[in-house]
Structure formats: C-alpha cells, structure tokens
Participant: 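There's a structure below that I have some questions on.
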Amino acid sequence: MKRQVSAVLLAGFLLLTACSSKSNDTANSTDSGGNQGSSKEITVWAWDKNFNIAAMNQAKDVYVKDHPDVKINVVEYAQDDIIQKLNTGLNSGTTSGLPNIVLIEDYRAQSFLQTYPDSFQDLTSSITASDFAEYKLGPTSMNGKQYGVPFDSGVAGMYVRTDYLQDAGYTVDDLQDIDWQKYIEIGKAVKEKTGKDMLTQDPNDLGLIRMMIQSAGSWYLKSDGSTPDLKDNAALKEAFQTYKELMSADIVKITSDWNSFLAGFNSGDVASLPSGNWITPSVKAQADQAGKWAVVPLPKLKNTAGSVHASNLGGSSWYVLNSDGKEAAADFLAQTLGSNVDLYQSLVTDVGVIGTYKPASEGDAYKSEDEFFGGQAVVSDFAKWTTEIPKVNYGMHTYAIEDILKVEMRNFLNGSDIDKVLGDAQSQTEAQIK
C-alpha cells in the first residue's frame with residue numbers, strides 16, 4: 001500500500017517530456033466525460049490533434065461503417081491534463097467522468113496499471129499480443145495479462161541534412177552504423193566547415209540519455225522494474241560521458257522548450273536530429289527543405305556491450321477503463337488498431353503513424369518512397385529498426401528518477417566525478433521510491 005500511495009503522488013507530479021507531448025496541446029471540447037452506462041457510445045481521450053487524434057478518428061470512421069449504432073467521441077486533452085484527470089478519478093475510486101478508452105505514454109503505463117490494478121480492462125483475449133513488437137509488451141502488460149493495445153512505436157532514428165554533410169565532405173553513407181564518438185567527430189567537421197551546430201539539446205530533457213541506454217537494453221531500473229540501477233549501470237555511465245563530450249564539443253544548440261526545439265531544425269540551424277519517428281511530420285512541415293534530409297540508424301554506444309543501432313523515444317498505447325461500456329470499447333480497439341492491416345496503411349500514408357502491429361509492415365504503404373527524404377523508404381527503415389529495439393522494463397518511476405538525474409547531470413557537467421554523481425543519484429532514488 002505504501003508503494004501504491006507513493007506512486008499516486010509521483011504520478012501526480014509526472015509531466016510530459018517525450019513522444020508527441022507537444023506543449024501546445026489543448027483541450028478542444030467540453031464533452032470530456034465518459035459514457036458510463038452506455039454500450040453504444042464510446043469516449044476516447046488522447047493528445048496531439050495531428051497525430052494521435054487524427055489516427056483515432058480514422059479508426060472511428062472504419063469502425064462505424066460496420067457499427068452505425070455506435071457513437072464514438074474522440075476528445076483532445078494535453079497529456080498532462082489526462083494524467084491529472086486519470087489520477088484524480090481513479091484515486092477517488094470512481095470512473096465517473098472518465099473516458100472508456102485513454103491513451104497513455106509507455107513510460108507512464110506501469111504507474112497506472114500497478115497503482116490502480118483493477119481499473120483497466122484485461123485485453124488478453126481481445127488482441128494477439130505476439131502480433132505486436134516485443135519491446136511494447138513490457139509497458140502494456142502486467143502479471144501475464146495484456147492491458148494495452150500497443151500503438152505509436154516511438155522508434156528512433158537520426159535525421160540528417162545531406163547538404164550540410166556534403167559541404168563538410170561527408171555523405172549519408174558515412175553516418176551508417178556509427179557510434180556516438182564518430183558522430184561527434186563528424187559534428188565537429190560540420191561545425192568547422194558550415195558553421196552549423198550538429199544538434200539541439202534541452203538540458204531539462206534527458207530523451208537523448210534514454211535513447212542511448214535503451215539501445216544497450218538498459219534502463220534506470222533493473223529488469224524487475226522496481227530496483228534502481230544507476231550507480232553501476234555501465235550504459236548509463238557511458239551515456240552521461242557521451243552527453244558531456246557532445247556538450248563540450250561546441251556542436252550543440254541549446255533549446256529551452258518545444259517551439260525552440262522545432263525552430264532548431266526547421267530554421268536550418270542544425271545538421272541532424274536524433275528523435276523518435278513521430279517527429280517526421282514536423283520535419284516535413286518545412287517544405288522548402290524537401291530533398292535535403294535523410295534518416296540513418298541511431299549511433300550506438302561505443303564501449304557498452306550489446307548496444308545496437310535501434311532505440312525508442314516515447315511511444316504510447318491505448319487502454320480500456322474497467323467500467324460500463326468496456327466490452328464495446330474493447331471490441332472497437334480489437335477490430336481497428338488491434339488487427340486492421342488496411343487501417344495501418346492509411347495511418348502511415350495520411351497521418352505518419354508507424355504502429356507496432358507487425359503484420360501491417362508487409363503492406364505497400366510501409367514500402368513507399370518519400371521524396372522529401374530523397375526517395376528513401378523511411379517508413380520501411382523505421383519498421384525494420386522497430387524489430388531491433390531492445391526490450392527493457394520502464395517500471396513506474398521514469399520521470400521521477402529523471403528529476404534526480406537532471407540535477408546530477410548538471411553536477412557532472414560542472415566537474416563532479418561520474419561515479420559520485422551516479423552514486424548520489426542511486427541513493428536519492430532508493431530513498432524516494434522505496
């Protein structure tokens with residue numbers, strides 16, 4: 001019980017950082033309540049109008065063609081509003097006012113499933129979990145039961161400006177399957193020859209650290225999802241050291257929020273962008289940069305055994321609340337995002353969503369070439385990397401631990417010993433999440 005209470009408090013403080021957590025998300029409807037008591041009306045909560053909301057509306061259109069008696073309300077809220085409303089409602093012991101279906105970021109999923117174990121519908125018999133990418137099953141399941149329908153993959157890649165690389169004497173091939181040290185070396189050359197920084201970084205966002213350590217099958221917690229793994233974590237130690245090398249190399253443009261992050265690459269100020277695939281629509285928003293971008297595999301950690309050129313940043317999945325109308329909600333997800341290959345082709349083409357439903361990757365839309373990226377079949381490449389992402393257990397405390405790590409990262413950048421900062425982070429984490 002102590003852990004559950006602690007988790008509730010932590011979850012209340014967990015705010016958005018990663019995939020699709022756009023800072024300009026806003027609630028766009030006053031019709032926010034759930035539809036308890038009705039099996040013919042389904043309410044869905046999600047964030048990001050152009051991505052998650054657009055995808056869910058496509059799923060809705062597909063479903064109501066065969067189920068005209070079902071009404072589906074898709075309601076947009078900012079991700080942090082959803083977190084707050086879910087915690088408030090579930091902590092009170094009632095689902096009144098909550099939706100039938102809710103989108104939850106994978107980093108946060110276990111905090112909800114474990115804190116409110118009876119509040120979500122078991123979807124084990126509704127979908128075939130093995131049809132989805134293996135690394136998505138950890139955050140979406142608990143005690144052998146599948147509670148989430150895996151959705152946005154969050155598969156990461158390195159977006160690169162081919163023109164800047166060429167000016168510095170490099171080609172895209174020079175960035176294939178490299179490690180972060182080689183990336184820094186190329187970044188220095190790009191800065192010297194073009195004056196452009198290699199990437200942006202917000203010091204309060206440790207997304208790059210997350211991508212680095214998951215590429216090595218490591219996380220802030222051990223595989224049990226509850227034991228802190230910071231002090232002697234080789235991947236985290238190398239990630240910290242690599243991050244410091246990046247910052248010391250004078251190749252990083254510092255940003256402070258989502259808008260300055262977008263401006264960093266849209267304005268042409270940086271030569272590359274390590275990120276989840278959900279950033280593709282934002283990259284393509286600058287139409288005059290068509291043909292100047294490519295996507296290569298993420299660099300790996302040089303000295304950590306097992307690090308690969310595939311990782312994840314963010315990602316989210318759909319959950320059904322264990323309340324009236326749960327059967328209809330589960331059927332809706334099962335027949336659309338849980339199994340519909342054709343729907344996933346439309347999601348790739350129309351919305352840019354790369355899901356984690358493996359049968360969908362065989363469709364034509366996944367193989368199409370993208371002229372914005374010089375004719376590269378970027379969706380096919382991302383789909384391939386999705387299958388290579390190491391599975392880790394995010395546990396319940398990702399952002400609470402990162403609040404500690406942000407402070408220790410600043411100490412490390414200011415000269416503190418790496419073993420001391422990770423040791424201090426371990427002690428603080430053990431005290432906070434016990």
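All figures in this text were calculated on a predicted structure; none of them were measured in a lab. Here, residue 1 is the first one in the sequence, and each next residue gets the next number.
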Participant: If only side-chain N and O atoms count, and only distance matters, is there a donor-acceptor pair under 3.5 Å linking N322 with T95?
Facilitator: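 Judged by distance alone, the side chains do not pair up.
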Participant: Can you check whether Y344 reaches L337 side chain to side chain, under 4.5 Å on heavy atoms?
Facilitator: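 Yes. Closest side-chain heavy atoms under 4.5 Å.
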Participant: Cut-off 3.5 Å, side chains only: do T356 and S153 have a donor facing an acceptor?
Facilitator: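 Not at all, the side chains of T356 and S153 share no donor-acceptor pair under 3.5 Å.
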Participant: To the nearest 0.5 angstrom, please state how far the CD1 atom of I209 sits from the CD atom of Q214.
Facilitator: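 Atom-to-atom, I209:CD1 and Q214:CD are 13.5 Å apart.
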Participant: How long is the gap from CD1 on I401 to CD on E408, to the nearest 0.5 Å?
Facilitator: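 With rounding to 0.5 Å, CD1 (I401) is 13.0 Å from CD (E408).
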Participant: So that I can tick it off, tell me whether D419 and K237 are bridged by a salt bridge, with the cut-off set at under 4.0 angstrom between side-chain N and carboxylate O.
Facilitator: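 Between D419 and K237 there is a salt bridge, with a charged N closer than 4.0 Å to a carboxylate O.
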Participant: Going by heavy atoms in the side chains, are D197 and K191 under 4.5 Å from each other?
Facilitator: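 Yes, their side chains come closer than 4.5 Å.
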Participant: Can you find a pair of side-chain heavy atoms, one from I251 and one from V190, that are under 4.5 Å apart?
Facilitator: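 SC-SC contact between I251 and V190 ruled out.
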Participant: Quick one: CD on Q146 to OG1 on T128, what's the gap to the nearest 0.5 Å?
Facilitator: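 Result: 10.5 Å between the selected atoms.
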Participant: Could you list the residues that satisfy ring-ring contact (aromatic ring centres under 6.0 Å, His included) with F132, not counting sequence neighbours?
Facilitator: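 Applying ring-ring contact (aromatic ring centres under 6.0 Å, His included) to F132 gives Y357.
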Participant: Please give me the minimum heavy-atom distance between F120 and F112, naming the atom from each residue.
Facilitator: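 In this case the closest contact between F120 and F112 is CE1-O, 3.8 Å.
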Participant: Can you name the nearest heavy-atom pair linking P139 to A109, along with the distance?
Facilitator: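 Heavy atoms of P139 and A109 come nearest at O-CB, 3.3 Å.
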Participant: Do T280 and Y159 get their side chains close enough for a donor-acceptor pair, meaning under 3.5 Å?
Facilitator: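 T280 vs Y159: donor-acceptor pair found between side chains.
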Participant: Show the nearest heavy-atom pair for residues T242 and Q181, with the distance to one decimal.
Facilitator: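 Looks like OG1-NE2, 4.0 Å.
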Participant: Between E105 and Y399, is any side-chain donor less than 3.5 angstrom from a side-chain acceptor?
Facilitator: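 Yes.
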Participant: Which pair of heavy atoms, one from G148 and one from Y319, lies closest together, and at what distance?
Facilitator: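 Minimum heavy-atom separation between G148 and Y319: CA-CE2, 3.5 Å.
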Participant: Can you tell if the side chain of Y147 reaches within under 4.5 Å of the side chain of L123, non-hydrogen atoms only?
Facilitator: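 Not in contact.
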Participant: Should the heavy atoms of other residues, nucleotides or ligands under 6.0 Å from NZ of K244 be counted, would the total exceed 12?
Facilitator: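 More than 12 heavy atoms, drawn from other residues, nucleotides or ligands, come within 6.0 Å of this atom.
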Participant: Taking everything shown except K188 itself, do over 12 heavy atoms lie less than 6.0 Å from its NZ?
Facilitator: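 Open.
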Participant: Using 4.0 Å as the upper bound for N to carboxylate O, is an ion pair formed by E134 and K391?
Facilitator: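 E134 and K391: salt-bridged.
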Participant: N266 vs S282, test: side-chain hydrogen bond (donor to acceptor under 3.5 Å, both in side chains). Steps then yes/no.
Facilitator: CA-CA 8 Å; N266 284 154; S282 297; over 6 Å; no
Participant: Quick check: do L221 and N393 have side-chain heavy atoms less than 4.5 Å from each other?
Facilitator: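 They are not in side-chain contact.
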Participant: Closest heavy-atom contact between V252 and T200?
Facilitator: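 V252 and T200 have their closest heavy atoms at CG1-C, 4.2 Å.
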Participant: Can you tell me how far CG of L236 sits from CG of L206, rounded to the nearest 0.5 angstrom?
Facilitator: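 Between atom CG of L206 and atom CG of L236 there are 9.5 Å.
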Participant: More than 12 heavy atoms of other residues, nucleotides or ligands under 6.0 Å from CG of N143: yes or no?
Facilitator: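 No - once you tally the heavy atoms of other residues, nucleotides and ligands closer than 6.0 Å, there are 12 at most.
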Participant: Return yes if a side-chain donor-acceptor contact under 3.5 Å exists between E430 and Q426, otherwise no.
Facilitator: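 On atom types as modelled, these side chains qualify, holding a pair under 3.5 Å.
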Participant: Within the 3.5 Å criterion, strictly below it, is a donor on D424 or Q428 matched to an acceptor on the partner's side chain?
Facilitator: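 Result is no, nothing qualifies.
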Participant: Mind checking whether L199 and L246 have side chains closer than 4.5 Å, heavy atoms only?
Facilitator: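 Yes, their side chains come closer than 4.5 Å.
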Participant: When rounded to the nearest 0.5 angstrom, what is the spacing between OG in S226 and CD in Q114?
Facilitator: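 Going from the OG atom of S226 to the CD atom of Q114 covers 8.0 Å.
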Participant: If we count only N and O atoms by modelled type, under 3.5 Å, do the side chains of Y220 and N233 hold a donor and an acceptor together?
Facilitator: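 There is no such pair (donor and acceptor under 3.5 Å, judged by atom type) between the side chains of Y220 and N233.
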Participant: Answer yes or no: are there more than 12 heavy-atom neighbours, outside Q241 itself, under 6.0 Å from its atom CD?
Facilitator: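 Enclosed: over 12 neighbouring heavy atoms sit under 6.0 Å from CD of Q241.
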Participant: Quick one: list whatever passes ring-ring contact (aromatic ring centres under 6.0 Å, His included) with W385, sequence neighbours left out.
Facilitator: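 W385 satisfies ring-ring contact (aromatic ring centres under 6.0 Å, His included) with F382 once adjacent residues are dropped.
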Participant: Would you compute the distance between atom OG1 of T88 and atom NZ of K85 and round it to the nearest 0.5 angstrom?
Facilitator: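 The distance works out to 8.0 Å.
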Participant: Hey, can you tell me if F261 and F265 have their rings parallel, tilted or perpendicular (30° and 60° cut-offs)?
Facilitator: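 The arrangement is perpendicular - the two ring planes meet at more than 60°.
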Participant: Taking the side chain as every heavy atom from C-beta outward, state whether R108 and Y394 have any atom pair closer than 4.5 Å.
Facilitator: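 No, their side chains stay 4.5 Å or more apart.
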Participant: Salt bridge check: are K406 and D202 linked by an N-O gap of less than 4.0 Å?
Facilitator: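 So K406 does not pair with D202 through a salt bridge.
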Participant: List the atom of P150, the atom of T140, and the distance in Å for their closest heavy-atom pair.
Facilitator: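 Heavy-atom minimum between the residues: CG-OG1, 4.2 Å.
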Participant: Answer with yes or no whether the side chains of D257 and S260 bring together a donor and an acceptor at under 3.5 Å.
Facilitator: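 Judged by distance alone, the side chains do pair up.
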